[in-house]
Enquirer: 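The structure is given below, and queries will be raised subsequently.
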Amino acid sequence: AKNAGRNAFRLFRKGMNELIEKRRALEADLEIGLKRGEFELYLQPRVEVETADVIGYEALLRWSHPKRGMISPGDFIPVAEASGKIIQLGEWVLAEACRLLETIEGRISVNVSPLQFRHSEFVSNLTELLRRTGADPNRIELEITENVLIDDDKRALQILNDLKKIGFDIALDDFGTGYSSLSYLSRYPFDTIKIDRSFVSNIGKVENAQVIVRTIIDLGAGLGMNTVAEGVERIEEALFLAQAGCDELQGYLLGRPARASELARDIDPAIAT
Ligand code: C2E
Ligand code: CA
Ligand code: CA
Ligand code: CA
């Protein structure tokens, strides 16, 4: 038994070392990848329910790694966040989003990671970026998750107010997945609530899911915020959301993330009716 324990431990340590090695390699590749232009922003349409028009896009980061192929942000964002490289990466994303604004119509929403948001130069770098590119901040929405807000409320509030003053809209991403969303809603100046995909995909499947989604939409409306449903995949979900008064829909049903050059001009007319 003692031997078995020792063996298990050895295996565990081997596994951990491999994991650490993999992370380290990815971390080093991140910096090189940025220099070599391996990153790209895909755009996913946000569709206004009332008009069935695409009124903007969410920018989603893609990395085509020379050896590993396409790596999804779920795999490299945490590494970038842990190593601090997210600062550089996030700056690239914002600059690229500003550039894309010249080629598309409507607005772009950009994901901002907690470390990036709290970086002491975040607001001043953004100001400088706008000056340099001439991009209109009123066409940019910044998406943050509630873990950005967990501690140090005053500072987060100050940053959000500064961003709003510049003209950016602020969206609360993945709404409903965290802990104390309700108190955040009254404390911080959000323009938009994004209803997390986990709620949306339960519509019509899990009892009470409809009640929860409807309540979030009513809450948003009551607070004067725009509500966006994420991860809409089925007609049934879209119809329910529209009837419940959700302002915008986003998901594979309405359009997958794609290169700006490959965006469909119009959404499927079958959906737009
Ligand atoms: P998110 O902000 O919640 O983005 C939505 C994710 O859901 C995207 O995954 C999108 O491709 C996916 N999605 C959209 N519609 C559907 C649908 O109908 N069904 C399903 N199953 N999925 C759908 P993606 O692109 O893999 O991004 C994952 C996460 O990585 C994002 O979640 C966001 O947290 C993060 N991320 C992506 N780009 C950036 C970025 O530029 N900066 C930062 N900091 N984070 C990013
Ligand atoms: Ca997002
Ligand atoms: Ca604005
Ligand atoms: Ca989300």
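Start at 1 and go down the list; that is how both ligands and their atoms are numbered. Computed from a predicted model, the values in this text were never measured in an experiment.
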Enquirer: Distance to 0.1 Å, residue and atom name: give those for the protein heavy atom nearest to atom 15 (N) of ligand 1.
Expert: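 Going atom by atom, the protein heavy atom closest to atom 15 (N) of ligand 1 ends up being Gln44 NE2, 3.0 Å.
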Enquirer: Arg62 near ligand 1, heavy-atom distance under 4.0 Å?
Expert: yes
Enquirer: Give the residue, atom name and distance (to 0.1 Å) of the protein heavy atom nearest atom 28 (C) of ligand 1.
Expert: Pro73 CG, 3.9 Å
Enquirer: Students should be able to answer this: which protein heavy-atom is nearest to atom 13 (N) of ligand 1, and at what distance?
Expert: Tyr252 CE2, 3.8 Å
Enquirer: Quick check on contacts: which atoms of ligand 1 are under 4.0 angstrom from a heavy atom of Val93?
Expert: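 Every atom of ligand 1 under 4.0 Å from some heavy atom of Val93: 41 (O).
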Enquirer: Which heavy atom of Leu101 sits nearest a heavy atom of Ala135, and at what distance?
Expert: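 That closest heavy-atom pairing would be CD1-CB, 4.3 Å.
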Enquirer: Give a yes/no verdict on whether any heavy atom in Gly90 is under 4.0 Å from an atom of ligand 1.
Expert: no
Enquirer: Backbone, side chain, both or neither: what part of Arg256 comes under 4.0 angstrom of ligand 1, heavy atoms only?
Expert: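 Under 4.0 Å from ligand 1, Arg256 contributes no heavy atoms.
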Enquirer: Please report which non-hydrogen protein atom sits nearest to atom 11 (O) of ligand 1, along with the residue it belongs to and the distance in Å to one decimal place.
Expert: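 Going atom by atom, the protein heavy atom closest to atom 11 (O) of ligand 1 ends up being Pro257 CG, 3.5 Å.
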Enquirer: From atom 32 (O) of ligand 1, is the closest protein heavy-atom distance below 4.0 Å?
Expert: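 So far as the 4.0 Å threshold goes, atom 32 (O) of ligand 1 is out of reach of every protein heavy atom.
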Enquirer: What is the closest protein heavy atom to atom 5 (C) of ligand 1, and at what distance does it sit?
Expert: Leu60 CD2, 4.3 Å
Enquirer: With the Ca ion (ligand 2) at the apex, how many degrees lie between OE2 of Glu58 and OD2 of Asp173, rounded to 10 degrees?
Expert: 170°
Enquirer: Which residue owns the protein heavy atom closest to atom 34 (O) of ligand 1, what's the atom, and how far is it?
Expert: Asn111 OD1, 4.7 Å
Enquirer: Examine ligand 1 and decide if any of its atoms is less than 4.0 Å from a heavy atom belonging to Arg197.
Expert: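 A heavy atom of Arg197 does come that close to ligand 1.
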Enquirer: Verify the cluster assignment for Leu253 and Leu60: are they in a single hydrophobic cluster under the rule of side-chain heavy atoms below 4.5 Å apart?
Expert: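 As far as the 4.5 Å side-chain criterion goes, Leu60 and Leu253 are not connected within one cluster.
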Enquirer: Using non-hydrogen atoms of the residue, decide whether Gln250 is closer than 4.0 angstrom to ligand 1.
Expert: no
Enquirer: Taking the side chain from Arg234 and the backbone from Ile203, do they hold a donor-acceptor pair closer than 3.5 Å?
Expert: yes
Enquirer: Distance only, no hydrogens: is a donor on one side chain within 3.5 Å (strictly under) of an acceptor on the other, for Glu141 and Thr192?
Expert: yes
Enquirer: So, Glu18 and Lys14, do they make that salt bridge, N to O below 4.0 Å?
Expert: yes
Enquirer: Out of the candidates Leu130, Leu142, Leu163, only one should pair with Pro137 under the side-chain contact (heavy atoms from CB on, under 4.5 Å) rule; please name it.
Expert: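 The option that passes is Leu130.
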Enquirer: Give me the one residue out of Glu230, Arg46, Arg197, Glu58 that meets side-chain hydrogen bond (donor to acceptor under 3.5 Å, both in side chains) with Gln250.
Expert: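 Option passing the side-chain hydrogen bond (donor to acceptor under 3.5 Å, both in side chains) with Gln250: Glu58.
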Enquirer: Look at atom 9 (O) of ligand 1 and say whether a protein heavy atom is found at less than 4.0 angstrom from it.
Expert: no
Enquirer: Say whether Asn17 and Glu21, considering side chains only, have a donor N or O and an acceptor N or O under 3.5 Å apart.
Expert: no
Enquirer: Can you tell me if Thr51 and Glu48 form a side-chain donor-acceptor pair at under 3.5 Å?
Expert: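 Side-chain D/A pair, Thr51 to Glu48: present.
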Enquirer: To check your reading of the model: name the closest protein heavy atom to atom 38 (N) of ligand 1, its residue, and the distance in Å.
Expert: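 Minimum-distance protein heavy atom for atom 38 (N) of ligand 1 reads Leu61 N, 3.1 Å.
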Enquirer: Flag yes if Leu149 and Leu157 sit in one hydrophobic cluster, no otherwise; membership is Ile, Leu, Val, Met, Phe, Trp, Tyr, and two members link when side-chain heavy atoms are under 4.5 Å apart.
Expert: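 Same cluster.
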Enquirer: Write the atom name of the N, O or S atom in Asp174 that is nearest the Ca ion (ligand 4).
Expert: OD1
Enquirer: Val79 and side-chain contact (heavy atoms from CB on, under 4.5 Å): which partner among Asp29, Ile71, Leu26?
Expert: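 Exactly one candidate clears the test, Leu26.
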Enquirer: Examine Thr145 and say whether one of its N/O/S atoms is closer to the Ca ion (ligand 2) than 3.0 Å.
Expert: no
Enquirer: Below 4.0 Å, non-hydrogen atoms only: which portion of Glu230 touches ligand 1? Side chain, backbone, both or neither.
Expert: side chain
Enquirer: Same cluster or not: are Ile166 and Ile140 linked, directly or through other Ile, Leu, Val, Met, Phe, Trp or Tyr residues, by side-chain heavy atoms under 4.5 angstrom apart?
Expert: yes
Enquirer: Hey, do the aromatic rings of Phe76 and Phe39 have their centres closer than 6.0 Å?
Expert: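 Yes: the rings meet the under 6.0 Å criterion.
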Enquirer: Using the ring of Tyr184 (Phe, Tyr or Trp, six-membered ring only), decide whether Arg187 places NZ or CZ under 6.0 Å from its centre and within 45 degrees of its axis.
Expert: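 No, a cation-pi geometry is absent between Arg187 and Tyr184.
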Enquirer: Kindly give the atom name of the N, O or S atom of Glu143 closest to the Ca ion (ligand 2).
Expert: OE1
Enquirer: Is it the case that one hydrophobic cluster holds both Val228 and Ile144, taking links as side-chain heavy atoms less than 4.5 Å apart, direct or via other members?
Expert: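 No; Ile144 is not reachable from Val228 via cluster members.
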Enquirer: Heavy-atom contacts under 4.0 Å between Asp173 and ligand 1: side chain, backbone, both, or neither?
Expert: side chain
Enquirer: For atom 20 (C) of ligand 1, find the nearest protein heavy atom and state the residue, atom name and distance (0.1 Å precision).
Expert: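 Among all protein heavy atoms, the one nearest atom 20 (C) of ligand 1 is Glu233 OE2, 3.2 Å.
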Enquirer: Give the numbers and elements of all ligand 1 atoms closer than 4.0 Å to a heavy atom of Glu58.
Expert: 2 (O), 4 (O)
Enquirer: Which atoms of ligand 1 have any heavy atom of Asp174 under 4.0 Å away?
Expert: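 In order of numbering, the contacting atoms are 3 (O).
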Enquirer: May I ask you to check if any N/O/S atom from Glu230 comes under 3.0 Å of the Ca ion (ligand 4)?
Expert: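 Coordinating: yes.
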